Each structure stands twice: as structure tokens, then as C-alpha cells.
Amino acid sequence: MEQRKRVVEKDAPLKPDDLIVITGAGGFIAGNLALHFKRKGFKRIRAVDKKPLYEWYLHVPGVQNLSLDVSRAEACHRVCEGAAEVYNLAADMGGMGFIERNRVECLRSILINTHMVEAAWRAGARRYFFSSSACAYNTLRQQDPKVRALKESDAYPAMAERGYGWEKLISEMFCEEYWHERGLKTFIARFHNVYGPHGTWDGGREKAPAAMCRKMIEAMARKDFQISIWGNGEQTRSFMYIDDCVKGIDLITHCDALIATPINLGSSELVSINTLVGKVEKIAGKKLKRHYDLDAPQGVAGRNSDNTFIKQVLGWEPNTPLDQGLAITYQWIKEQYYNRMAGKRVGVG
Ligand SMILES: NC(=O)c1ccc[n+]([C@@H]2O[C@H](COP(=O)([O-])OP(=O)(O)OC[C@H]3O[C@@H](n4cnc5c(N)ncnc54)[C@H](O)[C@@H]3O)[C@@H](O)[C@H]2O)c1
């Protein structure tokens with residue numbers, strides 16, 4: 001059935017004392033998002049995560065931090081009360097190793113968005129953001145390392161990543177229908193691998209850039225100068241620096257042309273995992289002996305972000321060069337590693 005177009009009414013611009021709610025804020029991206037809004041001068045930010053407060057990566061001064069499980073409807077209503085805007089980034093997730101081995105946990109994240117979008121709508125929030133993923137794309141289009149970059153229409157016909165990707169796809173659909181049927185302005189970004197400081201770097205949920213930095217630091221500490229790489233290293237990906245990610249979330253959520261319209265938020269700088277390792281070697285100033293673990297999880301053969309649409313709508317795309325972002329990330333992980341060795345508390349995952 002053809003979708004009837006809903007008229008987009010103008011809403012009031014966000015004021016500094018409007019309440020912004022951010023879920024998953026004990027984690028990487030949402031923690032950095034809370035920091036972004038705080039730096040922009042917003043005074044009322046409610047940050048929520050199920051982790052106990054001492055495990056959060058970032059404690060942003062002046063932000064209300066709540067330790068609540070938003071897969072439960074009651075908690076979502078409490079969290080969304082009085083919100084002008086809601087950013088839902090809470091999910092059980094991790095790198096390839098995690099999402100391939102924990103499909104049930106990933107699928108259960110459906111409860112989070114299902115209850116959060118309903119609670120945001122009931123609370124009368126003006127805008128609702130959902131963090132989707134490139135894993136929502138049809139995996140059959142990602143079987144060659146020399147990929148054609150993924151454009152937004154490549155999600156359908158659907159053949160998403162099992163578990164994690166299907167949860168994202170159906171949550172996207174919830175967001176789209178809350179606009180079409182109920183008039184809540186929803187925004188959906190499909191993130192492509194995000195990296196940077198204050199992210200997971202150890203413990204099994206870390207993604208490739210953090211994992212490669214940590215493995216290099218460990219190899220240097222052990223003085224054996226060896227590294228294990230999942231797969232043959234020819235898999236290709238693009239990696240978006242965290243500052244681009246939070247800027248993109250803000251731009252997307254305040255663009256009425258993007259209501260209920262999934263959009264790529266990722267870098268289009270495609271590299272193989274071998275190239276990524278080479279970049280880490282250059283930063284550390286040390287070449288490592290590479291061992292390839294062909295039985296390890298490796299995900300799709302290649303994946304890149306087609307940024308035609310975001311450039312057209314926002315006149316911008318994530319543009320921090322990988323060399324630059326990786327150098328900052330490497331230093332941050334090194335600091336975490338040696339702090340932990342010195343017996344200090346650090347967040348890992
Ligand atoms: N990091 C990436 O490269 C990437 C790529 C694609 C999509 N995403 C999406 O972006 C979002 C944020 O990812 P991230 O990298 O910051 O991950 P993260 O694991 O660092 O943060 C997610 C946070 O959500 C919290 N959470 C999980 N279940 C919860 C619940 N029931 N109630 C409250 N909090 C809960 C976790 O405790 C965690 O702190 C997720 O939705 C993720 O799927 C991330």
C-alpha cells in the first residue's frame with residue numbers, strides 16, 4: 001500500500017533548558033554525545049545506562065546520570081518524562097566476535113527501542129533518534145572485499161546480519177511507523193564502524209581499530225612483536241571517528257528532510273584490515289609479525305558507506321582522516337593500558 005505523506009509541522013527550536021534524554025550513555029557513542037550537547041550549552045541532559053555508574057566511560061559534569069534498564073517499559077516512561085528530544089543509543093553490542101556469538105542478546109535489544117519509542121511518543125517528545133547500523137544492509141551485497149559502497153536502498157530486499165542486523169532493521173521500521181501513524185519525528189542513522197577515545201578497547205566487545213591498537217601495545221609490552229589478525233586481513237571496512245559521529249547525529253536529528261528516513265553515517269575511506277594494521281605500526285613505530293587466524297569471526301568480506309545522500313541533504317560527510325583519528329585513539333588506549341597495569345580503575349567494556 002502506498003504510504004500517505006504526513007505534513008511536517010515546524011516545531012520550536014531546541015532551547016538550552018529543554019530536556020535532552022540519551023540512553024546508552026555509559027557506553028562509547030552516547031557518552032560522547034552527552035559531552036557534545038553539554039559543550040553546546042544545553043543545561044538539562046539526562047544520561048541513562050543499565051551499567052552501574054562506576055563502569056561508565058564518561059561522567060559529564062552537570063549531567064543527570066541514571067542507572068536504569070531501558071528494556072523495561074516502566075523505566076522508559078521514567079526516563080522520557082519531560083523530554084524534548086530523545087536519543088536512543090542503548091543496545092547490547094560489540095565487534096564481530098560479540099555479535100556473531102551473541103545473536104540472542106542482540107535480538108533482545110528489540111525490547112529497548114520498542115519501549116523507548118513508545119515512551120518518547122507518550123511523553124510528547126518532539127524528536128526521537130535511533131542508532132541503526134550498517135549491519136542492517138543486505139549481506140549478499142557485501143561478499144567481495146572490492147565492495148560497491150552501500151547506499152540506503154541496499155537494505156531491501158532484506159537479508160541483514162543475523163541477530164544484530166535484523167534487530168536494527170525492525171527497530172528502524174518501528175521508528176518509521178511512529179512517524180507515519182503517530183506523528184513522532186523520528187531520525188535513523190546507519191552507523192558504519194565508529195572508533196575513538198572512551199570506547200571499548202578490551203574484553204571481547206571491542207571493534208577492529210581499538211583491537212589492533214591494543215594488540216600492538218600488548219606486543220610492545222611483551223616484547224614479542226607479534227599480532228594475531230582475524231581472517232586473512234583482506235576484509236575491507238571504513239571507520240568513522242567519534243567526533244564526526246556525534247556531529248552527524250546532531251545534524252541528522254535537526255533536519256526535517258530526514259524524518260523517518262534511514263541515512264548512512266560513516267566514513268567512505270575504505271581500508272583493508274591489513275592496511276589498518278600497517279597504520280597502527282606506523283603510529284607505534286614498530287613492525288609486527290602477523291599471524292592470521294582463519295577460524296576467527298570476520299563478518300562480511302567488504303563494507304563501505306556510500307555518502308551521496310548525506311552530502312546531498314546535509315552538505316557534509318564524516319571527514320576525519322583515519323590516520324589522524326587512529327593516532328589519537330592509539331594514545332588514549334595506551335594510557336588506559338598502562339593505567340590498568342598500575343592498578344588504576346579503567347573502563348574496558
Ligand atoms: N560503535 C560502532 O561502531 C557502532 C556501529 C553501528 C551501530 N552502533 C550502534 O550505536 C549505539 C551505541 O554503540 P556504542 O559503540 O556506543 O556501544 P557501547 O556498548 O559502548 O554502548 C551501548 C551502551 O548501551 C547500554 N545498554 C545496553 N542495554 C541496555 C539497557 N537495556 N538499558 C540501558 N542501557 C543499556 C550498555 O550498557 C552500553 O553502555 C548502539 O545502538 C550500537 O548498536 C555502533
Side-chain angles (χ1 to χ4, degrees), residues 21-35 46-59 65-76 78-79 87-96 98-99 102 105-116 119 129-137 150 160-161 163-169 171-172 175 188-211 237-242 244-246 248-249 262 264-267 299 303 305 318 325 329 347-349:
V21 167
I22 304 174
T23 68
F28 172 38
I29 303 174
N32 279 283
L33 187 64
L35 189 60
R46 181 178 293 155
V48 187
D49 202 288
K50 71 174 177 185
K51 292 196 289 205
L53 288 179
Y54 62 82
E55 284 184 16
W56 291 31
Y57 295 148
L58 274 164
H59 292 116
N65 292 333
L66 299 180
S67 180
L68 285 172
D69 179 347
V70 292
S71 64
R72 303 170 64 92
E74 321 79 77
C76 295
R78 156 85 183 82
V79 160
Y87 295 80
N88 176 25
L89 288 94
D92 244 317
M93 68 90 64
M96 222 42 240
F98 180 84
I99 67 174
N102 296 276
E105 280 313 307
C106 290
L107 282 169
R108 285 180 62 83
S109 288
I110 193 73
L111 296 172
I112 299 176
N113 189 66
T114 307
H115 292 315
M116 278 299 295
F129 173 86
F130 172 66
S131 50
S132 185
S133 165
C135 292
Y137 282 114
L150 292 161
E161 192 91 44
Y164 182 72
W166 278 101
E167 187 277 319
K168 292 296 188 191
L169 206 56
S171 289
E172 286 188 359
C175 292
I188 305 150
R190 292 187 183 138
F191 298 167
H192 291 245
N193 296 300
V194 190
Y195 73 98
H198 307 290
T200 308
W201 58 276
D202 198 5
R205 289 183 187 238
E206 66 279 13
K207 297 198 158 202
R237 295 288 185 278
S238 72
F239 300 101
M240 166 169 57
Y241 190 56
I242 183 65
D244 288 333
C245 183
V246 293
I249 294 171
N264 277 332
L265 184 57
S267 161
R303 175 180 289 159
S305 178
T329 309
V348 288

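None of the values given here were measured: they were computed from a predicted structure. In this chain, numbering begins with 1 at the start of the sequence shown. When a ligand or atom number is given, it counts from 1 through the structure's own listing order.
On a distance-only criterion, F28 and ligand 1 share at least one N/O pair closer than 3.5 Å. At under 3.5 Å, not a single nitrogen or oxygen of S133, backbone or side chain, sits near a nitrogen or oxygen of ligand 1. By the 3.5 Å distance cut-off applied to N or O atoms, F191 is not counted among the residues near ligand 1. Distances between N or O atoms of D69 and those of ligand 1 include at least one value under 3.5 Å. Residue contacts with ligand 1: Y57 is placed with no nitrogen or oxygen under 3.5 Å of a nitrogen or oxygen of the ligand (distance criterion only). Among the atoms of K50, some N or O lies under 3.5 angstrom from an N or O of ligand 1. Considering backbone and side-chain N/O of I29, one or more are found under 3.5 Å from N/O of ligand 1. For N193, no nitrogen or oxygen atom sits less than 3.5 Å from a nitrogen or oxygen atom of ligand 1, counting backbone and side chain alike. The N/O atoms of A90, backbone and side chain alike, include none that comes under 3.5 Å of an N/O atom in ligand 1. Residue contacts with ligand 1: K168 is placed with a nitrogen or oxygen under 3.5 Å of a nitrogen or oxygen of the ligand (distance criterion only).
Listed by number with element, the atoms of ligand 1 under 4.0 Å from a non-hydrogen atom of V70 are 30 (C), 31 (N), 32 (N), 33 (C). Every atom of ligand 1 is numbered from 1 in the order shown, and the set under 4.0 Å from a heavy atom of I112 is 28 (N), 29 (C), 30 (C), 31 (N). When each atom of ligand 1 is checked for a heavy atom of G26 under 4.0 Å away, the hits are 39 (O). Interface atoms of ligand 1 facing V194, defined by a heavy-atom separation under 4.0 Å, are 1 (N), 2 (C), 3 (O).
Counting only distance, with no hydrogens or angles, the side chain of T23 and the backbone of A90 share a donor-acceptor pair below 3.5 Å. Proximity of a side-chain donor or acceptor of S267 to a complementary backbone N or O of P318 within less than 3.5 Å is not detected.
Between K51, R237, K207, it is K207 that holds the heavy atom closest to atom 2 (C) of ligand 1. Scanning M116, E167, M93 for the heavy atom closest to atom 19 (O) of ligand 1 points to M93. Nearest residue to atom 24 (O) of ligand 1 from A91, G27, C76 is A91 (criterion: closest heavy atom).
Under 4.0 angstrom from ligand 1, there are no non-hydrogen atoms of A25. If you look at Y164 next to ligand 1, the close heavy atoms, those under 4.0 Å, all belong to the side chain. Neither the backbone nor the side chain of R205 has any atom closer than 4.0 Å to an atom of ligand 1 (non-hydrogen atoms only).
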Working for side chain to side chain contact (heavy atoms under 4.5 Å, CB included), residues R46 and L66: CA-CA 7 Å; R46 181 178 293 155; L66 299 180; 3.8 Å; yes
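At least one heavy atom of L68 sits less than 4.0 Å from an atom of ligand 1. Between S132 and ligand 1 there is a heavy-atom distance shorter than 4.0 Å. Taking 4.0 Å as the cut-off, W56 does not count as a neighbour of ligand 1 on heavy-atom distance.
Taking the side chain as every heavy atom from C-beta outward, L89 and F28 never approach each other to under 4.5 Å. Using a 4.5 Å heavy-atom cutoff, the side chains of N193 and S238 are not in contact.
One finds no salt bridge joining E161 and K168 here, because no Lys/Arg side-chain nitrogen approaches an Asp/Glu carboxylate oxygen to under 4.0 Å.
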